[in-house]
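Just so it is clear, the values below take in all heavy atoms, side chains as well, and ignore hydrogens, waters and symmetry mates.
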Amino acid sequence: MYRYIENRQILRDGMKKLGFHEFLDDTHEGYIITSFHFPDHSNFNFNEFYNRLNEKNQVIYPGKVTNADCFRIGNIGHLFPRDMEHLLVCIEEVMKDMELPVPLL
């Protein structure tokens with residue numbers, strides 16, 4: 001369980017540095033799955049973002065919320081802090097490839 005909490009903290013801190021905003025506020029936080037709003041930028045396209053990450057062997061999930069555009073990232077399973085750090089590097093690379101500002105504005 002502690003590994004999952006550490007994974008989530010690494011993900012949360014890294015995504016914040018990249019300019020992403022979490023879907024849920026701190027009163028609803030958990031450590032299994034973290035959801036993020038789509039960036040409000042004309043160059044962001046979720047399918048392209050997803051596919052580019054997939055090409056780097058990184059899997060994210062579409063949001064399951066009907067009233068918001070968001071995506072989810074799992075923090076559990078056979079994932080370790082180094083995996084979360086690698087995912088963040090891949091996300092930054094994809095952002096640059098999509099000509100998104102780093103960090104997002």
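Alongside Leu105, the hydrophobic cluster contains no other residue (criterion: ILVMFWY side chains under 4.5 Å). With a 4.5 Å cut-off between side-chain heavy atoms of Ile, Leu, Val, Met, Phe, Trp and Tyr, the cluster of Val59 takes in Tyr61.
Residue pairs meeting the salt bridge (Lys or Arg N to Asp or Glu O under 4.0 Å) criterion with at least one member in residues 68-84: none, sequence neighbours excluded. For residues 33-60, the salt bridge (Lys or Arg N to Asp or Glu O under 4.0 Å) pairs, not counting sequence neighbours, are Glu48-Arg52, Arg52-Asp97, Lys56-Glu93. Pairs passing the ring-ring contact (aromatic ring centres under 6.0 Å, His included) check and including a residue from residues 80-105, sequence neighbours excluded, read His78-Phe80.
Formation of a donor-acceptor pair under 3.5 Å by the Asn54 side chain with backbone atoms of Tyr50 is not found in this model.
When all heavy atoms are compared, the tightest approach of Met98 to Asn45 is CE-N, 3.5 Å. Between Gly19 and Pro103 the shortest heavy-atom distance is N-CB, 4.0 Å. For Gly74 against Ile33, the heavy-atom pair with the smallest separation is CA-CG1, 4.2 Å.
The ring pair (Phe, Tyr, Trp, His ring centres under 6.0 Å) check on Phe49 picks up Phe44, Phe71, with sequence neighbours excluded. Gln9 is linked by a side-chain hydrogen bond (donor to acceptor under 3.5 Å, both in side chains) to Asp13, counting only residues two or more places apart in sequence or in another chain. Every residue was checked against the salt bridge (Lys or Arg N to Asp or Glu O under 4.0 Å) condition with Glu6, not counting sequence neighbours, and none meets it. Not counting sequence neighbours, the partners of His37 by the ring pair (Phe, Tyr, Trp, His ring centres under 6.0 Å) test are Phe23. In this view, Lys17 satisfies the side-chain hydrogen bond (donor to acceptor under 3.5 Å, both in side chains) rule with no residue, not counting sequence neighbours. The side-chain hydrogen bond (donor to acceptor under 3.5 Å, both in side chains) check on Asn75 picks up Thr34, with sequence neighbours excluded. Applying the side-chain hydrogen bond (donor to acceptor under 3.5 Å, both in side chains) criterion to Gln58, with sequence neighbours excluded, gives no partner residue.
Note that the SG atom of Cys90 and the CE atom of Met95 stand 13.0 Å from one another [nearest 0.5 Å].
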Practice problem: Tell me, with the steps shown, if Leu53 and Ile91 meet side chain to side chain contact (heavy atoms under 4.5 Å, CB included). | Solution: CA-CA 7 Å; Leu53 284 171; Ile91 289 173; 3.9 Å; yes
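Connection of Leu87 to Tyr31 is not established within any shared hydrophobic cluster, with ILVMFWY side chains joined at heavy-atom distances below 4.5 Å, either directly or through further cluster members. By the criterion of side-chain heavy atoms lying less than 4.5 angstrom apart, applied directly or through intervening Ile, Leu, Val, Met, Phe, Trp or Tyr residues, Val94 is grouped together with Leu88 in one hydrophobic cluster. Cluster annotation: Ile10 is not connected to Ile5 through the hydrophobic network of ILVMFWY side chains, with a link wherever side-chain heavy atoms come within less than 4.5 Å. Hydrophobic cluster membership is shared by Met15 and Val102, with clusters built from Ile, Leu, Val, Met, Phe, Trp and Tyr side chains linked at under 4.5 angstrom. Under the 4.5 Å side-chain heavy-atom criterion for ILVMFWY residues, a single connected hydrophobic cluster contains both Phe20 and Phe38.
In this structure, the side chains of Ile73 and Phe36 come closer than 4.5 Å at one or more pairs of heavy atoms. Between Ser35 and Glu22 there is no side-chain heavy-atom pair separated by less than 4.5 Å. The shortest distance between side-chain heavy atoms of Arg3 and Ile76 does not fall below 4.5 Å.
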